Amino acid sequence: MRASQYLIATLKETPADAEIISHQLMLRAGLIRKLASGLYTWLPTGLRVLRKVERIVREEMNFAGAQEVLMPAVQPAELWQESGRWDMYGGELLRFKDRHDREFCFGPTHEEVITNLASTEIKSYKQLPLNFYQIQTKFRDETRPRFGVMRAREFIMKDAYSFHVDDASLEQTYQIMFQAYTNIFTRLGLGFRLVEADTGSIGGNTSHEFHVLADSGEDAIAVCDKYEYAANVELAEARAPAPGTEKSKDLVEHDTPSIETIEEISQYLKVSADKTVKTLIVVGVDGLVALVIRGDHELNTVKAEKHSLIAAPLEFATEQLLKTFLSIKPGSIGPVGLNIPVIVDRSAAALKNFICGANQDDKHLSNVNWDRDTVIEEIVDLRKVIAGDICARAGDDSSDGAKLSIKRGIEVGHIFQLGVKYSTAMNARCLDQNGKAITMPMGCYGIGISRIVAAAIEQNHDDKGIIWPSAIAPFEVVIVTIGYKKSEAVRAKADALYQKINELGIDVLLDDRNERPGIMFADAELMGIPHRLVIGDRGLEKGVIEYKARDKADSEDIPLNKLEQSLATLITRS
RNA sequence: CGGGGUGUAGCGCAGUCUGGUAGCGCACCUGGUUUGGGACCAGGGUGUCGGGAGUUCGAAUCUCUCCACCCCGACCA
């Protein structure tokens, strides 16, 4: 491509509404432009990157035995009513009507469509397993789109769905996809981390996320390097502490006027927060439920919602409810003598002689002990892990390496074992060896294609701009010409080299604009092109061409007569 | 959805409090001088001051209203 005939839409100044570096650089380097909130146009340079990501994903999916299909973006409401998600999905589902007043949605995901297809096309176990994928535009009406294409409303996703005769086959394909994803992110040149995950609204049981670690990431991940454990904090577990061994002391009641928070009570009684508990009253499926966690911990709402006694979505009891049913106000609630189910977090349950509210206004208790003073419904894991917790896989090991740290990540891939949730709802059945109808277990596997472009930039940039991994660079090589218009020698050499590199099948940008060198250098760096060649009279007189790698500080001179071999090694070695 | 904020040229902003000819830098166009790290000189045009309604002799500026966008929180590739 010749720069003089190509849209180099670079910006000198950072647009004011771009918050994170990848968004800023995607605008500045001329990859995208915003049309409306969460909606972006991909410019030629951005589209080149996007297509390269797609190509790698497509190659690895094909290699893993998946077959590409293309489903409609617009889907009839009936399908979603059949799966039950028309009512469940909420405002994120963009719904509309056609001229006949029939209801449709713009697909945020395609379980319904593919399961519908499978139910009509798959008749026998002999056809299984089957894995279909597509690379397609999705729409989710996000409450708050942000960070450019990182959380856009319209975005491009690779989604795959597999169908099986039994769970063993599902497990097998899950492992194959697992490997395919590892290959994809490795080839993309991304530093990524595998993370155990919650299945969320998609449903199912086993699930893993692939995260690109970056400070700007929206997800918090608990990581233990020693046991190779990483989990989304909404799921992460710490090792349950051993029960305390202290001897029980006598219960003491304290007057604690206007003391309502853990911080205040621990200061007032001069004990650390981990010797206190907080009692949270939430709405249960049948009346109120008390959740007790240690004073220094936070409730994990995802874990709480999964408990059979607790209503989902989680709802805290209002002051009005507390007054009506328990005749207390928040600030001095405790587990002692509560006449509702008390569910205790494992860490809180290990405490001896702890401090809690007395269920009387302005009073707290100390030296409380579970077995003596309370009635416990159940001990479960309810809390968010914090940095420094011991890894759940550590057993008795509490060495430093087994401690959890909290890192931030960008979710770029997610794989699920769905089971029969959708195949049951939509009647996707086939015949087994015995001629008996079975409901096919399913898996589903997503990759955020457009998000990967942003994630790659988050991981690969400097103060001058993007530093693309070669595999997804819009151009692999840029030829910067100095005096292209004036110097016959420069023009001849640049044109010849440009043609040569093109013939090698390498994406090359010939900067033949009549610009000053500084502008061309700055643009090449901003756009992150991995290899730069500079052709000018100065070098030609010495018989050399300057070469510089985007990720190296220094340039080197390559003699003209060695150019071809040098280029071949330079470009393949990266 | 709740809370906060912004809307003036393609981009970054000033002007609004205190009503009176719509401005600055960059970018853009023309001519010239330049050409190894975002040049200089001269000339040029940029606009529904987010939309609508109102107050006023007069509104970017005051009032009302609608809209868009951004940031902070609960959801997700």
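Here the structure is a predicted model, which is why all the values come from computation and not from measurement. Order of the sequence lines fixes the chain letters, A, B, ..., with proteins taken first and strands second; residue numbering starts at 1 for each chain.
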Who pairs with B:C57 - Watson-Crick or G-U, where each distance is under 3.5 Å:
B:G20

Take atom CZ of A:Phe316 and atom P of B:G73, then tell me their distance rounded to the nearest Å.
17 Å

Taking atom CD of A:Glu218 as the centre, does the number of heavy atoms from other residues, nucleotides or ligands within less than 6.0 Å exceed 12?
yes

Between A:Leu7 (CG) and B:A27 (C1'), how many Å, whole number?
14 Å

Looking only at atom P, what distance separates B:G25 and B:G43, rounded to whole Å?
13 Å

Considering only nitrogen or oxygen atoms on both sides, find all protein atoms under 3.5 Å from nucleotides 7-13 of chain B and state each distance.
| unit_1 | atom_1 | unit_2 | atom_2 | d |
| --- | --- | --- | --- | --- |
| B:C11 | O2 | A:Glu13 | OE1 | 3.3 |
| B:G12 | OP1 | A:Ala16 | N | 2.9 |

Strictly by Watson-Crick or wobble contacts shorter than 3.5 Å, is anything paired with B:G45, and which nucleotide is it?
none

Hey, which sits more toward the 5' end of RNA chain B by its nearest nucleotide, A:Asp537 or A:Glu305?
A:Asp537

Using the C1' atoms only, state how far B:A68 lies from B:G23, rounded to an integer number of Å.
25 Å

Does A:Thr143 place a side-chain N or O at less than 4.0 Å from the phosphate oxygens OP1/OP2 of B:A74?
no

Select one nucleotide: of B:A77, B:C70, B:G38, the one nearest the side-chain heavy atoms of A:Phe155.
B:A77

Closer than 4.0 angstrom, basic N to acidic O: yes or no for A:Glu237 and A:Lys303?
no

Scan A:Glu19 against the nucleic acid and name what it touches under 4.0 Å (heavy atoms): base, sugar-phosphate only, or nothing.
sugar-phosphate

Need to verify one output field. Residue with the more 5' nearest nucleotide on RNA chain B, A:Gly413 or A:Phe147?
A:Phe147

Nearest to the side chain of A:Lys464, heavy atoms from C-beta on, is which of B:C75, B:G38, B:G37?
B:G37

Atom CD of A:Glu411 and atom P of B:C76 are separated, to the nearest Å, by 9 Å

Pairing of A:Asp495 and A:Arg2 as salt bridge, 4.0 angstrom limit
yes

Distance, rounded to the nearest Å, where A:Glu234 contributes CD and B:C76 contributes C1'
9 Å

With a 3.5 Å limit on both atom pairs, tell me what B:A14 is paired to, counting Watson-Crick and G-U wobble, or say none.
none

Between B:G7 and B:G15, how far apart are the C1' atoms? Round to whole Å, please.
15 Å

Taking ring-ring contact (aromatic ring centres under 6.0 Å, His included) as the test, write out the residues that go with A:Tyr181, two or more places apart.
A:Phe210

For B:G19 versus B:G58, give the span between their P atoms, rounded off to a whole number of Å.
15 Å

Which part of the nucleic acid, if any, lies within reach of A:Ala152 when heavy atoms closer than 4.0 Å are counted: base, sugar-phosphate only, or nothing?
base

side-chain N/O A:Arg144 vs B:C71 OP1/OP2, d < 4.0 Å
yes

For atom CZ of A:Phe63, is the number of surrounding heavy atoms from other residues, nucleotides or ligands below 6.0 Å larger than 12?
no

Could you check how far CG of A:Leu35 sits from P of B:A68, rounded to whole Å?
14 Å

If you draw a 6.0 Å radius around CG in A:Asp215, do more than 12 non-hydrogen atoms from other residues or ligands fall strictly inside?
no

Mind checking if A:Glu525 touches a base, just sugar-phosphate, or nothing, with heavy atoms under 4.0 Å?
base

Run the ring-ring contact (aromatic ring centres under 6.0 Å, His included) test against A:Trp468 and tell me which residues pass, sequence neighbours left out.
none

Please report the distance separating the C1' of B:U34 from the corresponding atom of B:C41, rounded so that it comes out in whole Å.
11 Å

Under a 3.5 Å limit on both distances, the Watson-Crick or wobble mate of B:G37 is none

When both distances are under 3.5 Å in a Watson-Crick or G-U wobble arrangement, the nucleotide paired with B:U6 is B:A68

Please measure how far the P atom in B:C75 lies from the corresponding atom in B:G38, and state the result in whole Å.
49 Å

side-chain hydrogen bond (donor to acceptor under 3.5 Å, both in side chains) filter on A:Glu13, not counting sequence neighbours, yields none

Does a side-chain N-to-carboxylate-O contact under 4.0 Å join A:Glu142 and A:Arg151?
yes

Taking atom P in both B:G20 and B:U63, compute the distance separating them and give it to the nearest angstrom.
15 Å

Looking at B:G73, which nucleotide sits across from it as a Watson-Crick or G-U wobble partner, both distances under 3.5 angstrom, or is there none?
B:C1

Under 4.0 Å between any heavy atoms, over every strand shown, what does A:Val534 touch: base, sugar-phosphate, or nothing? Just pick one.
base

All pairs passing salt bridge (Lys or Arg N to Asp or Glu O under 4.0 Å) where residues 448-468 of chain A contributes a residue, at least two apart
A:Asp462-A:Arg550

A:Arg513 has an atom CZ; how far is it from atom C1' of B:A27, in whole Å?
14 Å

All N/O contacts under 3.5 Å from nucleotides 31-35 of chain B to the protein, with atom names and distances to one decimal?
| unit_1 | atom_1 | unit_2 | atom_2 | d |
| --- | --- | --- | --- | --- |
| B:U34 | O2 | A:Arg516 | NH1 | 2.8 |

Which heavy-atom pair separates A:Thr279 from A:Ala290 by the least distance, and what is that distance?
CG2-CB, 4.0 Å

What nucleic acid atoms does A:Asp159 come within less than 4.0 Å of, heavy atoms only: base, sugar-phosphate, or nothing?
nothing

Tell me: CD of A:Glu142 to C1' of B:G73, nearest whole Å?
15 Å

Return yes if the base of B:A74 and the side-chain atoms of A:Thr301 contain a donor-acceptor N/O pair under 3.5 Å, otherwise no.
no

Donor-acceptor pair, distance only, cut-off 3.5 Å: does the side chain of A:Gln459 make one with the backbone of A:Gly191?
yes

Rounding to a whole Å, what distance do you find between A:Arg151:CZ and B:C72:P?
12 Å

Are A:Lys34 and B:C70 close enough that a side-chain N or O sits under 4.0 Å from OP1 or OP2?
yes

What integer number of Å spans the P atoms of B:U8 and B:G2?
25 Å

Within 45 degrees of the axis of the six-membered ring of A:Trp42 and under 6.0 Å from its centre: does A:Arg51 put its NZ or CZ there?
no

